[in-house]
Amino acid sequence: MKTGRNDPCPCGSGKKYKHCCLSPASVANEDLKDLLAGQEINSLDEAQAMANQFMQQRNQQPQDDFQGLSSEQVHRMLHFPFESPEFFSFPETLSTSEPEAPIMTLIQWIADAIDEKGLKATAKGNLPQKLCKEVVIDYRKHLPETDFLHRMNINREDDFEDLHTARVIMEISGLLRKTKGRFFLTKKYQKIAVKAGFAGIYPLIFKTYCRKFNWGYRDGYDEIPFIQHSFLFSLYLLNLHGSDWKPFLIYEDYYLQAFPMVTEEVTPTSYRSAEDQVRACYSIRTLDRFLHFMGLASIEKIPNDKAVSREYQIKKMPLLDEVVRFSV
């Protein structure tokens, strides 16, 4: 007896067949066979033409697993995120003159600390201790009381991961350089800042964070590069569902529904399944250190009676509509 797509998977996982062992390719092959079986075909060329038309139509159909996107649109998201203006566009300059985001707060501190003589780096080439201590005092004001940064003693840049990330992003973006032991703002920074201010700086920082900065650099999880590779799908999820507060768990479900194969990039352990590892990694890398850090979402702890809770919820911020525009 043939297993239906919505039946429990025969492998015993407990998941629906279509979300487990039935691959999208298998589904397409079965549907194509059904189509060709009812047609009178006179040549291989005719059969190939029918198959091509079938696949083109299928790739353009909205898919429930992709939250209403077609396979073609998801393909563009994954492989051409900044080169598909017919589906999604990223303005080179924001209409918001002062984009509010944790990363921009840190960049402002770094930029303000540098004059024409530059800013002296430490012996290890990091930002000076005095600046780190000054920045963290101001930065903590914008964080929830439960954030671990309130409990940390910041003595150097290495202790302050968000500041370190901001400095690295500035360097990768070509906005900051280090010469003879001193930090300087580059001509590129000066040109953009004069022309458009942070409304012009932010889009460059955003693209650098998405394309060139390794998200796995800040945590101890497996590499799982696909989580970063699919950043635009996560932006789409936030745009679609972010008007109201929703638990991290909901976004994890949506993501794994769309890309269940991501769990194959992780090796399960005796105390944590591959899926649990992907969920935790996705939440910290995408929901917290991407969407929140870039000012696209607000996150807060879900109120409950537990003494200790790691459950958080997320909601989109107005900046999201300035950064990316969806036409899907």
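Along the sequence shown, the residues carry numbers beginning at 1.
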Under a 4.5 Å cut-off applied to non-hydrogen side-chain atoms, are Phe66 and Gln73 in contact?
no
Given 3.5 Å as the limit, does a donor-acceptor pair link the side chain of Gln129 with the main chain of Asn155, or not?
yes
Determine whether a donor-acceptor pair (N or O, by modelled atom type, separation under 3.5 Å) exists between the side chain of Lys133 and the backbone of Ile154.
yes
Would you name the heavy atoms of Leu185 and Met170 that are closest together and state the gap between them?
CD2-CE, 4.0 Å
Would you check if Val135 and Ile110 make a side-chain contact, meaning some heavy-atom pair closer than 4.5 Å?
no
Do you know which two heavy atoms are closest between Ala166 and Ile107, and how far apart they sit?
CB-CG1, 4.3 Å
Is it the case that Ser283 and Tyr312 place a side-chain donor and acceptor less than 3.5 Å from each other?
no
Val262 and Tyr255: side-chain contact (heavy atoms from CB on, under 4.5 Å), yes or no, with the steps?
CA-CA 10 Å; Val262 180; Tyr255 186 78; 4.2 Å; yes
Look at Asp253 together with Arg279 and state whether they make a salt bridge at an N to O cut-off of under 4.0 Å.
yes
Any sub-3.5 Å donor-acceptor pair from Trp215's side-chain atoms to Tyr209's backbone N or O?
yes
Under 30°, 30 to 60°, or over 60°: which ring-plane class applies to Phe233 and Tyr236, parallel, tilted or perpendicular?
tilted
Under the criterion side-chain contact (heavy atoms from CB on, under 4.5 Å), I'd like the reasoning laid out for Ile299 against Asp288: C-alpha separation, chi angles, the key distance, then a yes or no.
CA-CA 8 Å; Ile299 61 175; Asp288 184 0; 3.8 Å; yes
Quick one: are Asp219 and Arg289 in side-chain contact, heavy atoms under 4.5 Å?
yes
How far apart are the C-alpha atoms of Arg76 and Glu72, what are their side-chain angles, what is the distance that settles it, and do they pass the salt bridge (charged side-chain N to carboxylate O under 4.0 Å, His left out) test?
CA-CA 6 Å; Arg76 301 295 299 186; Glu72 179 185 359; over 6 Å; no
Which residues share a ring pair (Phe, Tyr, Trp, His ring centres under 6.0 Å) with Phe183, sequence neighbours left out:
none
Compare all side-chain heavy atoms of Asp159 with those of Cys132 and state whether any distance is below 4.5 angstrom.
no
Residues Asp115 and Arg182 bridged, charged N to O under 4.0 Å
no
Which one of Arg167, His164, Lys178 satisfies the side-chain hydrogen bond (donor to acceptor under 3.5 Å, both in side chains) criterion with Asn126?
Arg167
Thr267 and Gln277, any side-chain heavy atoms less than 4.5 Å apart:
no
To the nearest 0.5 Å, what is the distance between CG on Asp162 and CD on Glu157?
11.5 Å
Working for side-chain hydrogen bond (donor to acceptor under 3.5 Å, both in side chains), residues Tyr217 and Thr165
CA-CA 9 Å; Tyr217 175 67; Thr165 298; over 6 Å; no
How are the rings of His241 and Tyr251 set relative to one another: parallel (under 30°), tilted (30 to 60°) or perpendicular (over 60°)?
perpendicular
Nearest heavy-atom approach of Phe326 to Leu235 is CZ-C, 3.8 Å
Donor-acceptor side-chain pairing of Arg156 and Thr122 below 3.5 angstrom
no
Counting only N and O atoms by type, is there a donor-acceptor contact under 3.5 Å from the side chain of Tyr189 to the main-chain atoms of Phe184?
no
Would you check if the side chain of Lys316 reaches a backbone N or O of Asn239 as a donor-acceptor pair within less than 3.5 Å?
yes
Of all heavy-atom pairs linking Asp222 and Glu265, the shortest is OD2-O, 4.3 Å
Approximate separation, where rounding is to 0.5 Å, of Arg177 CZ and Lys187 NZ
8.5 Å
Donor-acceptor contact below 3.5 Å, side chain Thr263 vs main chain Pro260
yes
If you measure from CZ on Phe213 to CD1 on Ile172, what distance do you get to the nearest 0.5 Å?
6.5 Å
Which heavy atom of Leu238 sits nearest to which heavy atom of Lys315, and what is that distance?
CD1-C, 4.3 Å
What residues form a side-chain hydrogen bond (donor to acceptor under 3.5 Å, both in side chains) with Trp109, not counting sequence neighbours?
Asp138
Phe82 ring center near Phe231 ring center (under 6.0 Å):
yes
Heavy-atom distance under 4.5 Å between the side chains of Leu69 and Phe87, does that happen here?
no
Give a yes or no answer on whether the side chain of Glu252 reaches the backbone of Asp276 with a donor-acceptor pair at less than 3.5 Å.
no
Sequence-distant partners of Asp112, side-chain hydrogen bond (donor to acceptor under 3.5 Å, both in side chains), two or more places apart:
Gln108
In terms of heavy-atom contacts, Ile103 and Met294 come closest through CG2-SD, 3.9 Å
May I have all residue pairs that pass salt bridge (charged side-chain N to carboxylate O under 4.0 Å, His left out) and include part of residues 196-206, sequence neighbours excluded?
none
Pro102 versus His292: any side-chain heavy-atom pair under 4.5 Å?
yes
Can you list the steps and then say if Ile284 with Tyr221 is a side-chain contact (heavy atoms from CB on, under 4.5 Å)?
CA-CA 10 Å; Ile284 191 169; Tyr221 291 100; 3.9 Å; yes
Ring-plane angle category for Phe226 and Phe259, please: parallel below 30°, perpendicular beyond 60°, tilted otherwise.
perpendicular
Mark yes or no for whether Glu311, through its side chain, and Ile302, through its backbone, hold a donor-acceptor pair below 3.5 Å.
no
Side-chain heavy atoms under 4.5 angstrom apart, residues restricted to Ile, Leu, Val, Met, Phe, Trp, Tyr: same cluster for Met261 and Val266?
yes
Hey, what do you get for CZ (Phe293) to CE (Met104), rounding to the nearest 0.5 Å?
10.5 Å
Gap separating the CG atom of Leu320 from the CG atom of Leu296, nearest 0.5 angstrom
5.5 Å
Side-chain donor-acceptor pairs of residues 88-100 under 3.5 Å, sequence neighbours excluded:
unit_1 : atom_1 : unit_2 : atom_2 : d
Glu92  : OE2    : Lys207 : NZ     : 3.0
Ser95  : OG     : Glu322 : OE1    : 2.3
Ser95  : OG     : Glu322 : OE2    : 2.9

Please round to the nearest 0.5 Å and tell me the distance separating atom CG of Leu175 and atom NZ of Lys188.
6.0 Å
Between Ser84 (side chain only) and Pro81 (backbone N and O only), is there a donor and an acceptor less than 3.5 Å apart?
no
Is there a side-chain contact between Leu149 and Glu161, using heavy atoms and a 4.5 Å cut-off?
no
Taking side-chain hydrogen bond (donor to acceptor under 3.5 Å, both in side chains) as the definition, give me every residue that meets it alongside Glu83, ordered by chain and number, with sequence neighbours left out.
Arg211
